[in-house]
Amino acid sequence: MVSWIRLFKAAGFLAIVITNQRGIALGQYTDADLLALHKNMRAELAGRGAILDDVFYCPHAEGACNCRKPLPGMVIQAQQKWAIDLSASLLIGDGERDRQLAARCGIPFALVRNGRVVEVEGQS
Ligand SMILES: [Zn+2]
């Protein structure tokens with residue numbers, strides 16, 4: 001993740017994390033726990049030269065919102081906040097939800113397993 005963030009940042013992309021965190025709805029951890037974790041993660045990445053521009057998370061239960069991946073809510077939030085051209089972006093993910101999200105939002109998609117790109121879709 002570190003080298004990719006560095007690479008995309010060097011190429012002029014924003015680096016934004018979008019993550020489902022249903023554990024909050026399930027009471028397994030709190031928003032504050034998650035925010036502390038994200039703060040630590042961003043500090044650690046930054047210390048290794050990988051600056052994340054933003055992190056969006058969905059704290060909701062399945063079926064309770066429009067932002068839990070593969071629903072597009074977090075992508076729309078990020079797009080509006082940062083004025084992102086989705087078709088000129090790349091969504092990198094490790095699962096089917098990420099693939100569906102990318103397809104729904106018209107974002108080229110790279111499927112990653114064990115830190116390697118194993119499949120790319122939607123590139124022109
Ligand atoms: Zn949500």
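In listed order, ligands and their atoms are each counted from 1.
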Trainee: With the side chain counted from C-beta on, respond yes when Tyr57 and His38 share a heavy-atom pair under 4.5 Å apart, and no when they do not.
Mentor: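 In contact.
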Trainee: Answer yes or no: is there a side-chain heavy-atom contact under 4.5 Å between Val118 and Val112?
Mentor: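 Side chain of Val118 against side chain of Val112, heavy atoms only: no contact under 4.5 Å found.
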Trainee: Regarding Trp82 and Asp53, do their side chains bring together a donor and an acceptor under 3.5 Å, going by distance alone?
Mentor: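 Judged by distance alone, the side chains do not pair up.
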Trainee: Is the closest basic N to carboxylate O distance between Glu62 and Lys69 below 4.0 Å?
Mentor: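 So Glu62 does not pair with Lys69 through a salt bridge.
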Trainee: Excluding waters, how many protein N/O/S atoms sit closer than 2.8 Å to the Zn ion (ligand 1)?
Mentor: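 Protein N, O or S neighbours of the Zn ion (ligand 1) under 2.8 Å, waters not counted, come to 4.
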Trainee: I'd like to know whether CD of Glu96 has more than 12 heavy-atom contacts from other residues, nucleotides or ligands below 6.0 angstrom.
Mentor: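 Above 12, so yes.
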Trainee: What I want to find out is whether Arg113 reaches Asp94 closely enough, with some N-O distance under 4.0 Å, to be called a salt bridge.
Mentor: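 Salt bridge flag = no for Asp94 with Arg113.
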